[in-house]
Structures are given as structure tokens and as C-alpha cells.
Amino acid sequence: MKIENLIQSGVISALKKLYSFEPEKNTVQLQNTRKDFIGDITLVVFPFLKYSKKRPEDTADEIGIYLEENIDEVKSYNVVKGFLNLEIADKYFISEVLNAWNNEYFGTEITSENQQELAMVEYSSPNTNKPLHLGHIRNNLLGFSISEILKANNYKVVKTNIVNDRGIHICKSMLAWQKWGNMETPETTGKKGDHLVGELYVEFNKHYKAETEELMKKGLTQKEAEDQAPSIQEARELLRKWESGDPEVVELWKTMNGWVYKGFDNTYKRLGVDFDKIYYESDTYLIGKEEVLRGLKEGIFYQKEDGSVWADLTNEGLDHKLLLRSDGTSVYMTQDIGTAKMRFNEYEIDKMIYVVGNEQNYHFQVLAILLNKLGYAWGKGLHHFSYGMVELPSGKMKSREGTVVDADELMDGMVKVAREMAQELGKLDSLSNEEAEKTYEMIALGALKYFILKVDPKKNMLFNPEESIDFNGNTGPFIQYTHARIKSVLRKASEKKLELNKEFDVYPGDITFKEKELLKRITLFPYVVKESGTNYSPAIIANYCYELAKEFNQFYHDHPILAESNEPLRNLRLLLSATVGKIIKTGMNLLGIEVPERM
RNA sequence: GGACUUGUAGCUUAAUUGGAUAGAGCACCUGACUACGGAUCAGGAGGUUGGGGGUUCGAGUCCCUCCAAGUUCACCA
């Protein structure tokens, strides 16, 4: 039985006996004892004072005596103000860690498959008119990681990507190619397809902006000018042709999207993210349109004189929302309605999770309401995993102005730094070229991923391209290094035939403070995995991995392992090392980060 | 203007969801390998948790009110 449960019921019977009072389970507040005090688990006694009618110190004292007498694992206790600190016997933690080591899936156990709920996680969801940038990286890493974390929390997960392959933005790039593209292709230029299309998008905006300014000089307001500029008119014409199936336009659209997909695949692969099911908006938007028209017929929505269709959300405290343009074409919301319907038809989804930036909080609030109005009970159950923006020192990234940190360039830069650093330290000289390159890549991506995932997803984060991402301190490479070092010790142990004996008995002697800290930290891992799942926060796992690695390094520094002559103690330290190594690997993998055997 | 979110050391951030003296990393200063890996470890300095009020035995955390920043309220996605 877990010590927390043991103590909890011990406290309940203590209160019954001492004060004839039976508390609710959740008023028994247990927490890990702070490091500056002696003890392992702390009970907060303030809530019980009105029943004990005694000073906090005396109340804690009485409960402490009871627990010490009645629970074997409670070795001693001390009282500081209203806090009852309980010291737990070493052997309890050692046997827990032994279990952790012997359990292959420690912290990530799952029940039988038919007991699992299905979670669909939508993430990435790029537009096909520009390459991926740092903002997308945060999205992809969060989406992939939360999927892994949900799996570890007993969910069956379908990772999905909805590709924004249609709409006015693509038409802008298409128009730019027709007018100023010089028939360039990825093959003729050697450029990555998504980058080529992205350049065209910027090109469009350059012309568009110039035209707008020209019109404004002639006295038009900004809004009028933006509406009447020839470029945007032509782009709209392309969109209309596309929606009516014009073969030439559709052909160009297919070709250019093809370029982009090839580029994206490349980037996804390098980032280490993948998808089980990909949806394309060109396949789902018509379903959305049907749903909106059905809603119109049933009086859920209304039509204006110009033919546009709207939803009145004023009863919900929101505005009127456009669902179909006056020319009959669909908008973002229409498409998302269609996509949602399609997904729920194809899968028995228990939980639908959208990994989308917080700038779309309003959108998802509206989507849930609209689906509900359309009669889908699951509409209310959607979960918008809303994360903060990545900002540059100069402010927000803007694709159309080209002020973005490109995903591919960023990764290249990180690998370069990792390579230089490793070569300077002479770390990987014994490895083959190929293995060394693989390791640089692993470290570079570890640094990047950890940098992004350690931050609470809800918060906006700042990225300064001038200062490269660190490799020392609270970083991915720090944790990777700890893992590599543990592996090195274990390799040497096996060379010396000091292999970890799985049957090893609980160490009989006294252990040091640091050893106990490590033991305790290890037993927390399953709770951390659970917490990161319920809070949708990979950051919780990232921070735990850091604390664990840090504590191991401190332990490692002044505790000999292989050189320890006391065999049971040596075994305990090997057990600690091996278990920490295993948890680091598991934890980092939940973040989508690989850990090297040597670095 | 309405709605929502966020303000913690110079910078990047944590705080067991209301608990003890707010904990780390970077940068800065000082120290530690004849050792199982120095991408490490030990130490120093750095804080009125945006300001003010309130609730509570107890507030970075909850409530009110100012201040600041961001997002959104588009026939863009």
C-alpha cells in the first residue's frame, strides 16, 4: 500500500480516537516535507483545530504520537507550528524504487485496451502558403508531447492534422506564381517547396501593399483600398474558380500544395512528430457548408439580404458570426464544423483536443456553441488546448512581413552550435562520423524542444534569436548528459561484472540525505505523469526531469558507485543510477526528446 | 469600448493548486578533477511576487480596485 494512503487512513483513525471527529478524506492535507525540515511527509493540522480545541503544536503532537505507534513505516515525527513532519523508514522508499526498477512501464502503466478512452489530438494544422516557423514548432511539440502523455495516462490516442489547403491565402501564392513566378519550381531552383511558396506569398503582399498605398493616395480609405486593389480582386477570382472546379486552377493548386507537403514532411520528420490521420480542408469544407445550410433551413442561423449566412450568438453574450460569405464561399468556421462532423462520424471519440494558439480562444468558444446548436451533444465537450504565443524581442512574428524565425533554419543553427561545442570538448571523437552527426542532431533538438516545453503552455514565451539557446544549466542537454553519464557508469559496471542484481535485498544500513532525496524523487514520477495529463502540461514533466537529473548529479558528485566496497550499498547506488536513467529516458520521451548513450 | 489572458531577481522561469524562510537556470564574482564523464559540482551576490485594499490561523495563488502588456470582437485562416 502506498504510504500516502496508509498515513491518510492513520490520520482519520487518529482524529476519531482523539477528538471523536471523522473528517472528509480531502481535509487530510499531505505534502512532501520541505527540504529545510526533517521528515518526508507533512500533515497540515490547521483544519483540525476547531475539533481538537487545542493549540496547533499540541494537536500535531498528539496525532504524531498516534501515527508513530500505529504505522510501522513512520519512524519518527517532529512538529513545527501547525505542521506535523513525519519521517518515513528508508526501507519503504528503497522497496518502492526496487519496484520501479523492476516495472518496465513505471509511471506509464496502461490497462487493457478495451478500458481505454479514445482521445483525438489535433495539432500542427498548417496553412499551405508558407513554411513552418517557431510558432508552429511550439504547436507541434506540444501536440506530440501531450499525445504521448495522454497515452501514458491510459488513453488511446489518434494524432491528427487538418491541413488548411484551400482558401484565399493559397490563392495569393498561386497568383504570385502566375504573375511573378518565372515558372520556378523546387526542382529548377533547388529550394524547399514550402519555402518557395512562402516567398511567393511575401511577393504577393509586397505588390498588394503597394497597390493599396497607391489607391489611398487617390483618396480611398484604407479599408476601401484594401478591398479594391487589383491583386486581391484577382486572388478572389482564383478562389471562385477553384471552388467551381476550374481544371487549370485546380491543377496549379495541386502542384503547389504538393511542393509544400514535401517540404512539411521533411520538417515534421526532423522534428520527430507524426500523425495517424490527416484531414484536408478541401475535403471537409463542403460538409461544413451542408451543415450550415441545414442550420439555415431549420432556423438556427439566418441570412442577410446579400446572401451571407450568420449565427446570432447574442444570447450567449457574443456577437453575430459569419458562416458563409455573400458569394457562397465558406469561411474558417464553416470548415471546422465540417471537420468536426467528419471526425466524429469516423471515430468513437471520447475526448477531442484542439492544440491551437490562444489567439483563437474566441473561435473555439464559438465552435462549441455552434456544434451544440446544430444538435451535436459532443460540441460542448471539445477541449481547446490553448497555448501562448512565441514572441520575438521586436514583438509578434508576422509571416506576411517576413519577420519570422524559420523552423528549418532554427534547427540548422542549433545543430551547428551543438557540433561546434561537442568538437571543442572533444566528446565524440571515438564515434564514427555518422554516429556523431546523429548525436549532434539529438542534442540540438533536445535543447530546442526542452527550451520550449519547459515553459507553462498557457504562457506567452519570449525567444531572442540573438542569444542562442543554452546547452548548460536547466536545459535539455543537461538532462541528456546526465543520462549519458549514467549509461557510462552502467557500462563500466557490467564490464567489471558488477551487474545490477534484480533480486537484491533492501539495503540494511543508513543512507545519506542525498540518497534519500533521490529515492523520494523517483517515487514521485507516476504522480507527475498523471498531473501533466490532467493539466495538459508537458512542462510539469520537463521540470521534474530537470530536478531529478540535478539531484542525481549532486549525488553522483560525492557518492562513489563502482568504487564502493560495501556490496549492498554499491548495489543500492547502482539501483538508484539505473532507475534514474530509466525515468529520464521515459520522461524525456514523453516530451518527444531522445536521450543518447554517450555525448 | 466589450470579452478573455498574463504581470515573480537584469534576463528565462518554478512554487505539490490556499501552507512553513518564494526555488532554480543564464549572466556576474569565488572555489573544486592524479576520481565512476567538468555539457558537472560547491559557494556568493541578486525579490516590497506590478500598486493598493479585502477574505483567512496562513495569500505569488482567492475577491475588489487601479496600472501595464497581449489576444480577440474580420465576407483572413
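In what follows, chains are A, B, ... by sequence order, proteins preceding strands, each numbered from 1.
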Does B/A3 pair with anything, Watson-Crick or G-U wobble, both distances under 3.5 Å, and if so, with which nucleotide? B/U71

Which nucleotide sits closest to the side chain of A/Asn460: B/U16, B/G70, B/U12? B/G70

Determine, using ring centers only, whether A/Phe48 and A/Tyr19 are less than 6.0 Å apart. no

Selection from B/C26, B/C76, B/C75 that lies nearest to any side-chain heavy atom of A/Asp306: B/C75

If pairing means Watson-Crick or G-U wobble with both distances under 3.5 Å, then the partner of B/G18 is none

Between B/U6 atom C1' and A/Tyr387 atom OH, what is the distance in whole Å? 17 Å

Is atom CD1 of A/Ile38 surrounded by more than 12 heavy atoms (other residues, nucleotides or ligands) closer than 6.0 Å? no

I'd like the C1' distance from B/G10 over to B/A27, given in whole Å. 9 Å

Could you list by number each residue of residues 326-333 of chain A showing a heavy-atom separation from RNA chain B of less than 4.0 Å, or answer none if no residue does? A/Ser326, A/Val331, A/Tyr332

Salt bridge present between A/Glu551 and A/Lys35 (N-O < 4.0 angstrom): yes

Salt bridge between A/Arg34 and A/Asp36, side-chain N to carboxylate O under 4.0 Å? yes

Compare the minimum distances between each of B/A20, B/C36, B/G70 and the side chain of A/Glu391, then state the nucleotide with the smallest one. B/G70

Can you tell me the base-pairing partner of B/C26? Count Watson-Crick or G-U wobble geometry only, both distances below 3.5 Å, and say none if there is no partner. B/G10

Scan every strand shown for a Watson-Crick or G-U wobble partner of B/C36, both distances under 3.5 Å, and answer none if you come up empty. none

Between B/G52 and B/G19, how far apart are the two P atoms, rounded to whole Å? 22 Å

Contacting residues from residues 32-40 of chain A, given that a heavy atom lies under 4.0 angstrom of RNA chain B: A/Asn32, A/Arg34, A/Phe37

Using a 4.0 Å heavy-atom cut-off, does A/His483 contact any base of the nucleic acid, only the sugar-phosphate backbone, or nothing at all? nothing

Are side-chain heavy atoms of A/Leu569 and A/Glu515 found at a separation under 4.5 Å? yes

Taking the same atom, P, in B/G50 and in B/C41, what whole-Å distance lies between them? 30 Å

Can you find a side chain N or O atom of A/Lys321 that sits less than 4.0 Å from OP1 or OP2 on B/A74? no

For atom C1', what is the distance between B/A59 and B/A22, given to the nearest Å? 12 Å

By the 4.0 Å heavy-atom rule, please label A/Glu531 as base, sugar-phosphate, or nothing. base

For B/U55, decide between syn and anti, treating a glycosidic angle within 90° of 0 as syn. anti

B/G23 versus B/A9 - spacing of their P atoms, nearest Å: 14 Å

Between A/Lys289 and A/Glu243, is there a salt bridge with N-O shorter than 4.0 Å? yes

Taking the basic N atoms (NZ, or NE/NH1/NH2) and the acidic carboxylate oxygens, is any pair closer than 4.0 Å for A/Arg55 and A/Glu57? yes

Record whether the side chain of A/Asn464 comes under 3.5 Å of the base of B/U12 through a donor-acceptor pair of N or O atoms. no

Could you check which nucleotide pairs with B/C62 in any of the strands shown, counting Watson-Crick or G-U wobble with both distances under 3.5 Å? B/G54

Select base, sugar-phosphate, or nothing to describe what A/Leu562 touches, counting heavy atoms under 4.0 Å on all strands. base

For B/G25 and B/U48, measure between their C1' atoms and round to the nearest Å. 24 Å

Among A/His559, A/Glu517, A/Lys514, exactly one meets side-chain hydrogen bond (donor to acceptor under 3.5 Å, both in side chains) together with A/Gln554. Which residue is that? A/Lys514

Assign A/Ala484 to base, sugar-phosphate, or nothing according to its heavy-atom contacts below 4.0 angstrom with the strands shown. base

Got a sec: does the CD of A/Gln360 have more than 12 other heavy atoms crowding it under 6.0 Å? yes

Without decimals, in angstroms, what is the distance between A/Lys454 NZ and B/A15 C1'? 15 Å

Taking the side chain of A/Arg325 as its heavy atoms from C-beta onward, which of B/G19, B/G70, B/A77 lies nearest to it? B/A77

For a 4.5 angstrom cut-off between non-hydrogen side-chain atoms, does A/Val580 reach A/Phe555? no

Rounded C1' spacing from B/U49 to B/G60 in Å: 5 Å

Report the nucleotide, chosen from B/A77, B/C36, B/A20, that has the shortest atom-to-atom distance to any side-chain atom of A/Asn164. B/A77

Any side-chain N or O of A/Lys459 less than 4.0 Å from the OP1 or OP2 oxygen of B/G7? yes

Can you check whether A/Ile168's main-chain N or O pairs, donor with acceptor, with A/Trp242's side chain at less than 3.5 Å? no

Which part of the nucleic acid, if any, lies within reach of A/Gln365 when heavy atoms closer than 4.0 Å are counted: base, sugar-phosphate only, or nothing? nothing

Euclidean distance for C1', B/C73 against B/U13 (whole angstrom): 32 Å

So, A/Phe46 and B/G58: ring centres less than 5.5 Å apart, planes less than 30° off, yes or no? no

If you check the A/His169 side chain, which of B/A14, B/A24, B/A77 turns out closest? B/A77

A/Leu518 CG to A/Leu575 CG distance, which is reported to the nearest 0.5 Å: 10.5 Å

Tell me, for nucleotides 39-47 of chain B in 5' to 3' order, what letter each nucleotide earns: B for a base near a protein heavy atom under 4.0 Å, S for only sugar-phosphate near one, - for neither? BSSS-----

Tell me whether A/Arg166 is salt-bridged to A/Asp283, with the criterion being a basic N under 4.0 Å from an acidic carboxylate O. no

How would you label the contact of A/Thr42 with the nucleic acid (heavy atoms, under 4.0 Å): base, sugar-phosphate, or nothing? base

Does this structure show an ion pair linking A/Lys550 with A/Glu547, if we count only N-O contacts that are shorter than 4.0 Å? no

